[in-house]
There are 2 protein chains.
Amino acid sequence: MPKLDLAKAPVKTGSLYPAPYAGQMAGRSSIRLGDLAGLTQFGVNIVTLEPGAVASLRHWHLNEDEFGMVLEGELILVEDEGETVMRPGDCAAWKAGVANGHRFVNRSDAPTRFLIVGSKATEEVATYSDVDMKLHIAGDKARFTYQDGSDWAGPRDLAPKGERNG
Amino acid sequence: MPKLDLAKAPVKTGSLYPAPYAGQMAGRSSIRLGDLAGLTQFGVNIVTLEPGAVASLRHWHLNEDEFGMVLEGELILVEDEGETVMRPGDCAAWKAGVANGHRFVNRSDAPTRFLIVGSKATEEVATYSDVDMKLHIAGDKARFTYQDGSDWAGPRDLAPKGERNG
């Protein structure tokens with residue numbers, strides 16, 4: 001397949017998260033390059049974060065490797081150990097099953113862009129580090145629970161660990 | 001895991017190809033970011049091509065999705081349909097099993113760099129489009145054959161299809 005026409009890639013805005021977390025994802029959008037190319041084994045997205053926007057809740061994946069590279073602007077990578085400033089060309093990666101919640105945050109005055117690659121496992125659990133929530137994916141079904149596995153029924157913050165949300 | 005220290009990533013030079021194809025890969029090196037981070041589900045490499053260097057024989061993968069993004073310089077993407085000039089930020093992707101041989105070539109006067117991501121399948125066959133050769137990978141074993149499956153015992157060019165090698 002020749003060069004991808006990024007203008008033709010599906011654009012994702014909004015969030016799968018329940019309220020109030022979905023609303024915290026305002027200012028984030030992503031173009032789905034892997035979907036454009038018909039890839040099925042891993043996702044490849046270019047995410048744009050407007051000033052003040054965050055890429056996700058801080059999370060880690062049970063079954064999916066993940067890799068990110070900053071393309072434009074200055075981002076803050078927030079993890080258990082603290083914060084790291086990331087600039088174009090800087091890379092980070094998260095091996096499946098390592099319980100270190102991470103997210104990118106744009107605290108600058110300019111839009112930022114990063115490339116993110118993640119495996120597509122048929123069964124997956126994402127654990128959120130700062131709120132009492134997990135996402136369970138099985139095939140095309142997604143379900144949120146508290147971290148004890150019971151059905152999610154509204155926000156419960158955890159004690160601060162690294163950065164707080166909102 | 002915080003920002004990757006690219007200077008600590010394993011560097012690969014040389015080639016798995018048998019002679020004379022290994023020698024055609026001179027001027028190519030790659031840093032193995034996925035290996036540095038302990039990822040096992042897909043590889044992530046930054047490949048540097050010196051002026052005149054090529055990234056590979058033209059090939060396609062039976063079982064592994066692949067994605068590339070140009071980071072620096074001007075590359076030529078060679079595929080069945082012809083050639084495409086690729087510049088920083090340009091992306092291309094190759095879905096597993098699509099029989100369209102591809103490779104990057106640096107015909108410029110400056111070094112080029114690109115990011116390449118590929119699934120790690122336990123069983124894989126790479127088919128080379130311009131020479132009579134296939135690579136079979138099973139676990140950690142690699143074996144070259146002719147395209148009819150018989151043991152490889154020396155170079156045989158195919159009729160020109162797209163670009164010729166060497």
Side-chain angles (χ1 to χ4, degrees), chain A residues 1-6 9 31-46 60-61 63-72 75-98 100 102 104 113 115-121, chain B residues 1-6 9 31-46 60-61 63-72 75-98 100 102 104 113 115-121:
Chain A
M1 171 177 286
K3 186 170 80 168
L4 294 174
D5 183 352
L6 273 57
I31 58 173
R32 322 285 281 182
L33 298 185
D35 290 348
L36 175 67
L39 304 189
T40 60
Q41 299 171 0
F42 53 83
V44 182
N45 301 315
I46 293 177
W60 59 274
H61 292 283
N63 296 327
E64 294 177 338
D65 281 352
E66 206 175 7
F67 169 85
M69 173 186 268
V70 178
L71 300 177
E72 182 182 343
L75 283 163
I76 309 296
L77 170 61
V78 186
E79 294 177 299
D80 280 359
E81 303 90 342
E83 301 190 347
T84 309
V85 176
M86 305 273 294
R87 299 196 173 89
D90 287 345
C91 300
W94 304 277
K95 181 176 166 57
V98 176
N100 187 347
H102 54 269
F104 283 121
R113 288 189 314 132
L115 181 79
I116 192 87
V117 178
S119 306
K120 291 192 173 180
Chain B
M1 171 175 287
K3 185 170 81 169
L4 294 174
D5 182 352
L6 275 56
I31 58 174
R32 323 285 281 184
L33 299 184
D35 291 348
L36 176 66
L39 304 189
T40 61
Q41 298 170 2
F42 52 84
V44 183
N45 301 315
I46 292 178
W60 59 274
H61 292 284
N63 296 326
E64 295 177 339
D65 281 352
E66 205 174 8
F67 170 85
M69 173 185 268
V70 178
L71 300 177
E72 182 183 343
L75 283 162
I76 309 296
L77 170 61
V78 185
E79 294 178 299
D80 280 358
E81 304 90 342
E83 302 191 346
T84 309
V85 176
M86 305 273 294
R87 299 196 174 89
D90 286 345
C91 300
W94 304 277
K95 181 174 166 58
V98 176
N100 186 348
H102 54 270
F104 283 120
R113 288 190 313 131
L115 181 79
I116 192 87
V117 177
S119 306
K120 290 191 175 181

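Within every chain, numbering begins at 1; the chains are lettered A, B, ... in the order of the sequence lines, protein sequences first and strands thereafter. Quick note: numbers below take in every heavy atom, side chains included, and nothing from hydrogens, waters or symmetry partners.
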By side-chain contact (heavy atoms from CB on, under 4.5 Å), A:Arg32 pairs with (sequence neighbours left out) A:Pro10, A:Lys12, A:Ser30, A:Asp35, A:Asn45

Whatever's closer than 4.5 Å to a heavy atom in chain B on A:Val85 counts as backbone

Applying a strict 4.5 Å limit to non-hydrogen atoms, the region of B:Leu71 in contact with chain A is side chain

For A:Leu39 and B:Phe67 the tightest heavy-atom approach is CD1-CB, 4.4 Å

Okay, B:Ala121 and chain A: the region with an atom under 4.5 Å from a heavy atom over there is neither

The reported gap from CG in B:Leu36 to SG in A:Cys91 (rounded to nearest 0.5 angstrom) is 10.0 Å

Correct closest heavy-atom pair for B:Lys3 and A:Thr84 would be CB-CG2, 3.9 Å

For B:Gln41, the side-chain hydrogen bond (donor to acceptor under 3.5 Å, both in side chains) test, sequence neighbours excluded, returns A:Ser119

With chain A, the option among B:Asn63, B:Asp5, B:Ile46 that has the most non-hydrogen atom pairs under 4.5 Å is B:Asn63

Nearest heavy-atom approach of B:Leu4 to A:Ala92 is CG-CA, 4.0 Å

What one should report as the nearest heavy-atom pair of A:Val117 and B:Val117 is CG1-CG1, 4.0 Å

